[in-house]
Enquirer: 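Please see the structure below; I have some questions.
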Amino acid sequence: MEAYKKEFIEFMVESDVLKFGEFTLKSGRRSPFFMNAGAYVTGDQLHRLGLYYARAIKENFGLDFDIVFGPAYKGIPLSVVTAMAIHELYGKEVRYCSNRKEVKDHGDTGILLGSPLHDGDRVLMVEDVTTSGKSIEETYPIITGQADVEVVGLMVSLNRQEVGKGGEKCALDEVSERYGFPTAAIVTMDEVTEYLYNKEVQGAVRIDDALKAALDDYYAQYGAK
């Protein structure tokens, strides 16, 4: 596993973004872990988060794109810090863009924040996590409806590796098949489990034998085939 992935896993735990225990998800599933990217709140955390996204994007997709697009709401700060980090690390100037939940009819009108989209733009999408693909269903038509653009990929921070709507493949794979662009994650849940199992982070073992058993049971039921 690459060093930056190990660092990112510890970063999620230290930032209280990745938690272990018992959680009820929006889907109604009872999960032994939960990720909340809204817990990145300090300047240092947001700066580091952008750097991790930038590195993973370059590794998986390269840098041949013009726009970093983040779906509202959590994708808005992600797109901003990622665009800044790409410039910091690689000296490449890209624009950020996000959508509004409602169309604004006064002042800065329209449904987009940040840069407008132009014909020929190559767009890289960023999200925190994709569980069902619903946000992509909502935002993809918005992006392609604004201009003749090409979506070159979707980067998320964590691939939960659970079945999506189809009941077999994970949501990221379903998104890729449905819309025809590649998807990737900074880390997968398999990598998180492998790295944290019986490992102490900030004075505590996050995945002990009991939690590992709970994860195994969870993925036996909900894991992607």
Side-chain angles (χ1 to χ4, degrees), residues 1-42 45-46 48-49 52-53 55-56 60 70-71 73-75 77-78 125-138 154-178 183-225:
M1 191 188 310
E2 296 90 332
Y4 81 90
K5 291 189 174 189
K6 297 176 182 178
E7 293 170 7
F8 183 68
I9 293 168
E10 293 199 16
F11 173 57
M12 285 193 292
V13 173
E14 293 165 359
S15 301
D16 211 25
V17 166
L18 182 61
K19 302 179 180 181
F20 299 95
E22 293 186 9
F23 306 92
T24 301
L25 305 180
K26 186 176 181 180
S27 63
R29 296 175 184 170
R30 296 284 293 174
S31 173
F33 70 98
F34 182 70
M35 183 201 160
N36 173 27
Y40 295 117
V41 293
T42 70
Q45 288 172 340
L46 291 167
R48 292 173 64 190
L49 179 64
Y52 286 122
Y53 266 85
R55 288 173 184 145
N60 287 274
Y73 288 103
K74 290 180 181 177
L78 280 180
M125 300 182 70
V126 291
E127 273 203 311
D128 56 345
V129 64
T130 297
T131 303
S132 67
K134 182 179 179 181
S135 65
I136 304 300
E137 289 180 6
E138 295 172 348
L154 166 67
M155 174 62 67
V156 303
S157 55
L158 175 66
N159 183 352
R160 291 182 60 105
Q161 297 179 290
E162 298 170 42
V163 290
K165 290 183 176 180
E168 291 187 2
K169 299 180 179 180
C170 73
L172 276 181
D173 289 340
E174 288 183 346
V175 166
S176 182
E177 287 190 1
R178 179 171 182 179
T183 59
I186 302 176
V187 293
T188 67
M189 200 56 206
D190 277 347
E191 290 171 327
V192 170
T193 302
E194 174 190 343
Y195 183 65
L196 290 182
Y197 181 46
N198 284 335
K199 179 182 179 62
E200 189 174 294
V201 177
Q202 283 197 317
V205 173
R206 308 296 167 149
I207 301 182
D208 57 13
D209 289 339
L211 201 290
K212 177 65 164 55
L215 285 166
D216 289 345
D217 289 344
Y218 184 77
Y219 280 99
Q221 184 173 3
Y222 298 118
K225 305 296 188 292

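The structure presented is a predicted model; accordingly, all values stated were derived computationally and were not measured.
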Enquirer: Take L49 and L78 through the test side-chain contact (heavy atoms from CB on, under 4.5 Å) and record every step on the way to the result.
Expert: CA-CA 8 Å; L49 179 64; L78 280 180; 3.5 Å; yes
Enquirer: Distance-only, no hydrogens or angles: does the Y53 side chain make a donor-acceptor pair with backbone N or O of E127 under 3.5 Å?
Expert: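 Looks like yes, one N/O pair under 3.5 Å.
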Enquirer: For F8 and Y195, what are the C-alpha separation, side-chain angles and deciding distance, and is it a ring-ring contact (aromatic ring centres under 6.0 Å, His included)?
Expert: CA-CA 11 Å; F8 183 68; Y195 183 65; over 10 Å; no
Enquirer: Kindly say whether T188 contributes a backbone atom to a donor-acceptor pair with the side chain of E191 at under 3.5 angstrom?
Expert: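 Judged by distance alone, yes, a pair lies under 3.5 Å.
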Enquirer: Say you draw a straight line from CG of L215 to CD1 of I207; how long is it, rounded to the nearest 0.5 Å?
Expert: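 Between L215 CG and I207 CD1, I get 5.5 Å after rounding to 0.5 Å.
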Enquirer: If you define the side chain from C-beta out and look only at heavy atoms, does anything of C170 sit under 4.5 Å from R160?
Expert: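 Sidechains of R160 and C170: no contact.
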Enquirer: Write down the atom of M155, the atom of A56, and the distance for their closest heavy-atom approach.
Expert: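 In terms of heavy atoms, the two residues are closest at CE-O, 3.5 Å.
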Enquirer: Mind listing the closest non-hydrogen atom pair of V205 and N198 along with its distance?
Expert: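 In this case the closest contact between V205 and N198 is CG1-CA, 3.7 Å.
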Enquirer: Could you go step by step and tell me if M189 and V192 meet the side-chain contact (heavy atoms from CB on, under 4.5 Å) rule?
Expert: CA-CA 5 Å; M189 200 56 206; V192 170; 3.9 Å; yes
Enquirer: Just wondering, are more than 12 heavy atoms of other shown residues or ligands nearer than 6.0 Å to CD in Q202?
Expert: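 More than 12 within 6.0 Å, yes.
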Enquirer: Does the S176 side chain pair with the main chain of L172, one donor and one acceptor, at a distance under 3.5 Å?
Expert: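 Answer holds: no.
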Enquirer: Using 30° and 60° as the class boundaries, would you call the ring planes of Y218 and F33 parallel, tilted or perpendicular?
Expert: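 The rings of Y218 and F33 stand perpendicular, inter-plane angle above 60°.
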Enquirer: Using a distance-only test with no angle check, is there a side-chain donor-acceptor pair under 3.5 angstrom linking Y197 and D208?
Expert: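 Note: Y197 and D208 side chains miss the donor-acceptor criterion.
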Enquirer: Sequence neighbours excluded, which residues qualify as ring pair (Phe, Tyr, Trp, His ring centres under 6.0 Å) partners of F20?
Expert: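 Ring pair (Phe, Tyr, Trp, His ring centres under 6.0 Å) check on F20 returns nothing, list empty.
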Enquirer: In Å and rounded to the nearest 0.5 Å, what is the CG to OH distance from D16 to Y40?
Expert: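 If we round to the nearest 0.5 Å, D16:CG and Y40:OH are 10.5 Å apart.
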Enquirer: Going by the rule ring pair (Phe, Tyr, Trp, His ring centres under 6.0 Å), which residues pair with F23 if we only count those two or more places apart in sequence or in a different chain?
Expert: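 Counting only residues at least two positions away or on another chain, F23 forms a ring pair (Phe, Tyr, Trp, His ring centres under 6.0 Å) with F34.
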Enquirer: Is it true that E7 and R48 have a side-chain N and a carboxylate O under 4.0 angstrom from each other?
Expert: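 Between R48 and E7 there is no salt bridge, as every charged N stays at least 4.0 Å from the carboxylate O atoms.
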Enquirer: Does atom NZ of K19 have more than 12 heavy-atom neighbours, drawn from other residues, nucleotides or ligands, at distances under 6.0 Å?
Expert: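 Counting neighbours around NZ of K19, 12 or fewer heavy atoms of other residues, nucleotides or ligands fall under 6.0 Å, so no.
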Enquirer: Is the closest side-chain heavy-atom distance between M12 and V187 below 4.5 Å?
Expert: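 Yes, at least one pair of side-chain atoms sits under 4.5 Å.
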Enquirer: In sequence, state the C-alpha distance, the side-chain angles, and the governing distance for E2 and R55, and then conclude on salt bridge (charged side-chain N to carboxylate O under 4.0 Å, His left out).
Expert: CA-CA 11 Å; E2 296 90 332; R55 288 173 184 145; over 6 Å; no
Enquirer: Do you know the tightest heavy-atom contact between K169 and A224?
Expert: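 Closest approach of K169 to A224, heavy atoms only: C-CB, 3.8 Å.
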Enquirer: Show, in sequence, the C-alpha distance, side-chain angles and deciding distance for K199 and E10, and conclude whether the side-chain contact (heavy atoms from CB on, under 4.5 Å) test is met.
Expert: CA-CA 10 Å; K199 179 182 179 62; E10 293 199 16; 3.4 Å; yes
Enquirer: When you look at I9 and M1, which way does the side-chain contact (heavy atoms from CB on, under 4.5 Å) test go after all the steps?
Expert: CA-CA 11 Å; I9 293 168; M1 191 188 310; 4.0 Å; yes
Enquirer: To the nearest 0.5 Å, what is the distance between CG (N159) and OG1 (T183)?
Expert: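 The distance works out to 7.5 Å.
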Enquirer: Atom OG1 in T193, atom OH in Y219: separation rounded to 0.5 Å?
Expert: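 Answer rounded to 0.5 Å: 6.5 Å.
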Enquirer: Which pair of heavy atoms, one from G21 and one from L211, lies closest together, and at what distance?
Expert: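 Closest pair (atom of G21, atom of L211, distance): N-CD2, 4.2 Å.
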Enquirer: I'd like to know if the side chain of Q161 and the backbone of D190 have a donor-acceptor N/O pair within less than 3.5 Å.
Expert: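 Yes: the side chain of Q161 pairs with the backbone of D190.
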Enquirer: Do the side chain of R206 and the main chain of V201 share a donor and acceptor less than 3.5 angstrom apart?
Expert: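 A pair under 3.5 Å: yes.
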Enquirer: Indicate yes or no: does R29 engage E162 in a salt bridge with an N to O separation below 4.0 Å.
Expert: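 The answer is yes: the pair qualifies as a salt bridge.
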